[in-house]
Amino acid sequence: MAIYHLSTKPVSRSSGRSATASAAYRAGVDITDDRTGIDHQYSKRNGVVDTEIVTPNKIEISRSDLWNMAEATETRKNSRTAREIVVNLPYELDQKTRGDAVKDFAAHLSDKYGVAVDVAIHKPDQHGDNRNHHAHLLLTTRKIERLESGRIALTSKSQLELSNTQLKDLGLPRAQDELKAVRKTWAEITNKYLERDGIAARIDHRSHADRGLIQLPTKKLGWEASALERNGIRTSTGDYNRQVKADNERIERLQSQIVVGHKLLAKQQLEKKAEEARKCPNEPVKADKAPTAAPNVAKHAEQPNKRPNIDGQTINQANKVIEGYEKAVSSVAKEIQDDIANHYKTEMARLTVERETLEDNKSWFGKGKREEQVDALKAQYNEENKKHKLVYQSDFIDQAYEYVKKNTPHIISEAREASTTVKAHALFKQDAIDARRKTHYSGEITAVSRLGILQKTFEGKTIYHDLEKLQASPNVGDKVKISYDRKLNATLEPTDKAEWQQQQQEKQLEQQREMYKGLER
């Protein structure tokens with residue numbers, strides 16, 4: 001399916017980036033930066049499919065002149081010299097159509113904001129997902145205009161670079177609202193081409209929350225993390241995405257069990273009644289008692305009047321609730337499966353006895369009639385045997401869900417609450433690293449909740465601590481040292497940054513002493 005992705009970030013000198021280097025790398029060309037004298041040589045770079053400079057009023061300018069002008073126009077050491085937009089291109093479209101779509105988008109941006117847009121379309125990385133066609137659009141931060149003298153110049157800042165205060169004074173939408181409009185435009189352009197080519201897939205610019213989706217969004221890995229992951233090195237973003245994927249699969253599993261489709265059991269009952277009506281058209285069909293789960297299924301869950309209190313549950317408690325729900329539904333499904341299977345086994349046993357009795361009774365009906373009846377019983381047996389085998393090819397989860405919903409509804413509501421907790425927990429620890437055994441962490445507590453504790457260490461890392469592993473719960477703002485044993489149980493003691501720095505210095509000195517001792521030996 002087509003995937004929506006649009007991200008934007010500035011090219012700023014304060015981050016050590018330049019517009020000339022960014023343009024050369026993305027377009028796969030050589031550009032000399034007139035301001036610094038540095039040659040940015042990327043003409044041997046692979047993976048660039050197509051490039052184009054798009055300007056308002058079709059102003060003609062070379063890539064090198066454009067970005068050297070951008071660098072020369074900005075004088076501050078922390079100036080933004082360009083803005084980059086990265087979009088995912090649907091792999092369902094062919095190469096030419098992908099190019100047409102992104103160039104339409106570039107023309108819209110250029111005309112609306114009066115800027116030059118440098119388009120570079122890239123094919124998927126040879127080591128990554130072969131569907132990852134994407135484009136880089138490098139926008140000037142200022143409007144490009146041809147002056148009365150005929151000279152091309154970058155003039156006033158574009159709307160995308162203005163602060164919210166400036167935008168308000170001009171009566172323009174806020175920056176975040178304008179970005180939403182940009183995101184929407186890219187979705188509309190892409191969907192137009194998908195529809196034109198008869199492709200059913202569509203992309204949606206809205207967030208999961210705006211679309212009413214429970215599933216959590218993953219985070220873009222980026223090229224550095226992608227390279228590490230390909231080499232078997234786990235990254236925090238990769239770990240987060242894996243956790244999100246697992247949580248989403250669990251949420252989808254819960255949702256799929258809520259939406260009940262055609263029930264195999266009901267179909268089998270209808271088939272049986274239709275068969276009886278065909279055999280005995282003049283007799284009314286008796287309503288069979290449907291095979292159902294054994295009444296002792298209640299043993300898998302507490303009674304509704306004993307509903308446990310799960311308000312303010314921790315993530316471990318939420319996982320236990322979901323595991324209990326899955327166990328209850330699976331257990332009921334197994335009992336339904338066994339009951340239906342036993343129903344067909346009983347019918348097969350009856351047919352076997354009838355066939356054997358008929359074969360032994362040589363005088364009954366005569367030879368021709370007897371063989372005809374035996375063949376009919378064999379055919380009926382084979383039909384029941386097929387149904388019996390079909391039972392074990394189905395999981396009966398939908399029927400089990402309905403049974404649990406009717407007889408022990410609190411399990412369903414608890415599972416929903418628990419899945420909400422799982423989602424909240426994933427968002428809570430989104431950018432944190434899990435605490436590890438035999439390690440200690442010194443720093444300030446930044447968040448405390450039923451979902452756990454976040455601590456920003458003095459080195460600047462964010463650590464997630466499981467609430468149930470701590471002997472005592474700290475408060476936000478506390479500066480503490482949290483130490484873990486081999487079983488991941490933690491102790492907590494006060495500390496401060498000066499003390500921590502002194503300990504680090506002493507540790508370094510001790511390491512140096514050990515090194516010198518080794519050299520002397």
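A quick note: this is a predicted structure, and the numbers were derived from the prediction, not measured.
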| query | Should we count CD of Glu60 as having more than 12 external heavy atoms under 6.0 Å? | reply |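 No.
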
Using modelled atom types and a 3.5 Å cut-off, is there a donor and acceptor pairing between side-chain atoms of [X] and backbone atoms of [Y]?
{"X": "Ser62", "Y": "Asp65", "answer": "yes"}
{"X": "Arg202", "Y": "Ile199", "answer": "yes"}
{"X": "Thr73", "Y": "Met69", "answer": "yes"}
{"X": "Arg83", "Y": "Leu139", "answer": "no"}
{"X": "Gln313", "Y": "Thr421", "answer": "no"}

| request: Name all residues meeting the salt bridge (Lys or Arg N to Asp or Glu O under 4.0 Å) criterion together with Lys389; count only those two or more places apart in sequence or in a different chain, and write none if there are none. | output: none

| query | Should the ring pair His136 and His134 be called parallel, tilted or perpendicular, given that the plane angle runs from 0 to 90° and is split at 30 and 60? | reply | perpendicular

| query | Relative to each other, are the rings of Tyr42 and Tyr25 parallel, tilted or perpendicular (30° and 60° limits)? | reply |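 Tyr42 and Tyr25: perpendicular rings.
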
| side-chain contact (heavy atoms from CB on, under 4.5 Å) between Ile38 and Thr32, intermediate numbers included | CA-CA 6 Å; Ile38 299 175; Thr32 299; over 6 Å; no

| side-chain contact (heavy atoms from CB on, under 4.5 Å) evaluation trace for Thr185 with His205 | CA-CA 9 Å; Thr185 299; His205 68 284; over 6 Å; no

Can we say [X] and [Y] salt-bridge, meaning some charged N sits less than 4.0 Å from an Asp/Glu carboxylate O?
{"X": "Glu74", "Y": "Arg13", "value": "no"}
{"X": "Asp94", "Y": "Arg98", "value": "no"}
{"X": "Asp50", "Y": "Lys103", "value": "yes"}
{"X": "Asp118", "Y": "Arg63", "value": "yes"}

| query | Would you call Asp30 and Asp39 a side-chain contact if the rule is heavy atoms closer than 4.5 Å? | reply |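 A side-chain contact under 4.5 Å is absent here.
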
| query | Can you tell if the side chain of Leu138 reaches within under 4.5 Å of the side chain of Ser22, non-hydrogen atoms only? | reply |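 Yes, their side chains come closer than 4.5 Å.
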
Locate the shortest heavy-atom distance separating [X] from [Y]; write the atom from each residue and the value.
{"X": "Gly452", "Y": "Phe428", "value": "O-CZ, 3.6 Å"}
{"X": "Val48", "Y": "Arg45", "value": "CG2-NH1, 3.4 Å"}
{"X": "Asn88", "Y": "Ile3", "value": "ND2-O, 3.0 Å"}

| With a cut-off of under 6.0 Å to the ring centre and 45° to the axis, is Lys387 in cation-pi contact with Tyr344? |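 Judged by the rule, Lys387 and Tyr344 form no cation-pi pair.
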
| Are the aromatic ring centres of His133 and His122 under 6.0 angstrom apart? |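 They do not qualify: ring centres at least 6.0 Å apart.
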
| said: Testing Glu161, Glu178, Gln159 one by one against Tyr113 for a side chain to side chain donor-acceptor pair (under 3.5 Å), which residue passes? | reply: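 Of all the options given, the one that passes is Glu178.
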
